[in-house]
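Since we're looking at a predicted model, the values are computed, not measured. Just the heavy atoms: all of them, side chains too, but no hydrogens, waters or symmetry mates, feed the values below. The chains referred to below are lettered A, B, ... by the order of the sequence lines, with proteins before strands, and numbering in each begins at 1.
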Number of protein chains: 2
Amino acid sequence: MSGRSADSITLDIERSIVAGELEEGRPLPAERALMEQYGASRTVIREAITALTAKGFLKSRPRYRPIVCRPDASSAMQAAGGVIKHLLDNSRGVHDLYQVRVLFERVLVRDAATGAGKDDLKRLKDALDDNQAAIGDSERFYATDVAFHRVLYTISGNPAYPAIHTGFVEWLAPQWSRMPRSEQRNHDNFLAHQAIYEAILMRDPDAAERALVDHLEASWEFVRSTFFAGENE
Amino acid sequence: MSGRSADSITLDIERSIVAGELEEGRPLPAERALMEQYGASRTVIREAITALTAKGFLKSRPRYRPIVCRPDASSAMQAAGGVIKHLLDNSRGVHDLYQVRVLFERVLVRDAATGAGKDDLKRLKDALDDNQAAIGDSERFYATDVAFHRVLYTISGNPAYPAIHTGFVEWLAPQWSRMPRSEQRNHDNFLAHQAIYEAILMRDPDAAERALVDHLEASWEFVRSTFFAGENE
DNA sequence: CCTCATTTATCGTCGTACCAAACTAATCGC
DNA sequence: GCGATTAGTTTGGTACGACGATAAATGAGG
């Protein structure tokens with residue numbers, strides 16, 4: 001990449017982090033200490049720190065020591081997010097991403113319908129009840145809406161799924177969280193969630209998938225007409 | 001993030017890139033020119049360049065001017081890859097990622113079965129034929145194997161899908177591309193591909209999905225026993 | 001007009017210095 | 001004795017200047 005010196009140091013610190021030599025959550029050693037440790041100038045050390053920060057291995061606030069971040073699925077999503085948010089400045093980019101989300105959830109509801117356990121169904125039901133209870137409060141409704149979908153991402157136990165969900169929510173938030181809401185619309189959405197839940201309960205993957213797709217496509221159409229009405233599809 | 005000065009410059013250059021003021025593929029202005037333009041020291045400029053490089057907006061080789069890179073789905077995957085590759089040092093991480101791939105392709109084959117056009121089917125058939133023709137040449141077989149699956153990612157027309165496929169292939173390559181291969185195994189894999197193709201041709205999404213899952217799970221089991229035999233599931 | 005040597009521009013790295021903010025410890029007042 | 005205040009130290013953020021090495025530009029020579 002850039003400089004050879006800084007690169008090898010970057011790699012070595014990266015290695016130290018994943019190897020656990022640098023404890024997660026602890027601050028990185030001082031720059032002057034690192035320059036002694038690596039026998040390099042501060043320029044190089046700072047360059048390595050900058051790169052590691054951008055890569056997601058460090059979290060640095062303006063005047064504080066960088067905090068060590070062990071990489072996980074969530075940081076991977078965050079790293080991708082830095083680029084992805086620039087792809088979402090038109091309806092095309094947003095729709096492309098939204099399609100990925102739809103694709104993802106289609107499998108999740110199918111799997112939920114065929115393989116969800118008792119506790120999974122209970123968590124889903126609880127989320128649905130929360131959703132219903134929040135119909136009158138649009139802000140809280142949005143939160144419970146997200147939470148309901150999130151349950152789907154937690155059923156498999158794969159830690160990557162919730163991270164992916166977080167990514168979707170964050171990236172799509174510019175449109176979805178700013179959507180004009182109403183009690184009527186909240187109620188419609190709740191009914192859609194209920195339909196999905198019912199289909200899962202009935203162990204009917206096809207119906208669940210159909211209910212989900214209907215729900216998400218209606219949601220997209222609403223967003224499209226709200227934010228991208230002027231753009232030609 | 002890190003420094004306030006460098007940060008605003010980073011953001012502004014980023015903006016210039018996505019706005020097209022800095023043409024894609026062209027080299028970035030010289031550091032001295034930028035320090036004059038932004039009224040900052042070289043230290044700051046270089047820090048901004050480092051950050052942008054790590055973020056994927058610049059490609060810089062050791063002694064050359066950084067090349068401007070417009071972000072796309074592919075660079076987003078690449079950014080995530082920097083973190084993801086550290087999650088793949090054990091069977092757990094690899095399996096988690098592999099599951100995501102399986103999830104993705106399950107929908108792709110379903111959609112192919114229900115909605116693939118004539119040309120899509122032809123491309124799939126061509127890829128299948130290539131695959132069959134390469135059974136005797138394991139290296140070429142691997143390439144045609146990847147190509148066959150890739151066709152599935154291109155059917156929807158969503159540009160994010162091929163980028164995601166590239167990510168999967170790259171991240172999983174350490175295991176899959178190094179797999180001990182044989183004509184027998186190639187032939188088995190070809191038959192699996194053929195079964196998927198047949199099911200798609202028959203417009204049977206359930207059969208296509210089942211064939212795909214069987215194929216991918218067998219593949220995983222082979223990888224697991226080869227690379228992670230010692231680890232306890 | 002093309003080739004090769006020389007000059008120049010530019011990057012990679014280093015060192016030093018200064019400021020301001022954060023941290024630490026000693027001091028002061030209760 | 002203990003909490004609050006203050007002075008000193010550490011550390012990150014930024015700037016300037018310098019030097020070697022290499023890529024790109026330039027000019028000499030055929």
Using whole Å, what does the distance between atom [atom2] of nucleotide [N] and atom [atom1] of [X] come to?
X: B:M35; N: C:dA9; atom1: CE; atom2: C1'; value: 14 Å
X: B:I49; N: C:dT13; atom1: CD1; atom2: P; value: 13 Å
X: A:Y38; N: C:dC14; atom1: OH; atom2: P; value: 14 Å
X: B:R61; N: D:dT22; atom1: CZ; atom2: P; value: 15 Å
X: A:L58; N: D:dG12; atom1: CG; atom2: P; value: 12 Å
X: B:E47; N: C:dG12; atom1: CD; atom2: C1'; value: 16 Å
X: A:I9; N: C:dG12; atom1: CD1; atom2: P; value: 14 Å
X: A:L34; N: C:dC14; atom1: CG; atom2: P; value: 14 Å

Phosphate OP1/OP2 of C:dT13: any A:S5 side-chain N/O under 4.0 Å: yes

Any salt bridge between [X] and [Y], counting N to O under 4.0 Å?
X: A:R92; Y: A:D96; answer: yes
X: B:D126; Y: B:R123; answer: no
X: B:E21; Y: B:R15; answer: yes

Donor + acceptor pair across side chains of A:R46, B:T43 (<3.5 Å): no

Distance-only side-chain donor-acceptor flag, A:H95 / B:N158, under 3.5 Å: no

B:R181 charged N/C atom sitting above B:Y142 aromatic ring, 6.0 Å / 45°: no

Is a side-chain N or O of [X] found less than 3.5 angstrom from the main chain of [Y], in a donor-acceptor match?
X: A:S219; Y: A:H215; value: no
X: A:D12; Y: A:I9; value: no
X: A:S177; Y: A:P174; value: no

DNA chain D: 5'-proximal contact among B:S41 and A:Y64 (nearest heavy atom): A:Y64

Options C:dC14, C:dG12, D:dA15, nucleotide nearest the side-chain atoms of A:A40: C:dC14

Closest to side chain of B:V44, choosing from D:dG12, D:dT14, C:dC11: D:dT14

Is it true that [X] and [Y] have ring centroids separated by less than 6.0 Å?
X: B:H86; Y: A:F57; answer: yes
X: B:F190; Y: B:F141; answer: no
X: B:F168; Y: B:W176; answer: no

Tabulate protein N/O versus nucleotide N/O from nucleotides 4-6 of chain C, keeping only pairs under 3.5 Å, one per line.
none

What are the atom names and distances for every N/O pair under 3.5 Å that joins the protein to nucleotides 17-21 of chain D?
| unit_1 | atom_1 | unit_2 | atom_2 | d |
| --- | --- | --- | --- | --- |
| D:dG20 | N2 | B:R63 | NH2 | 2.8 |
| D:dA21 | N3 | B:R63 | NH1 | 3.4 |

Shorter than 3.5 Å, N or O on both sides, protein versus nucleotides 8-10 of chain D: list them out with atom names.
none

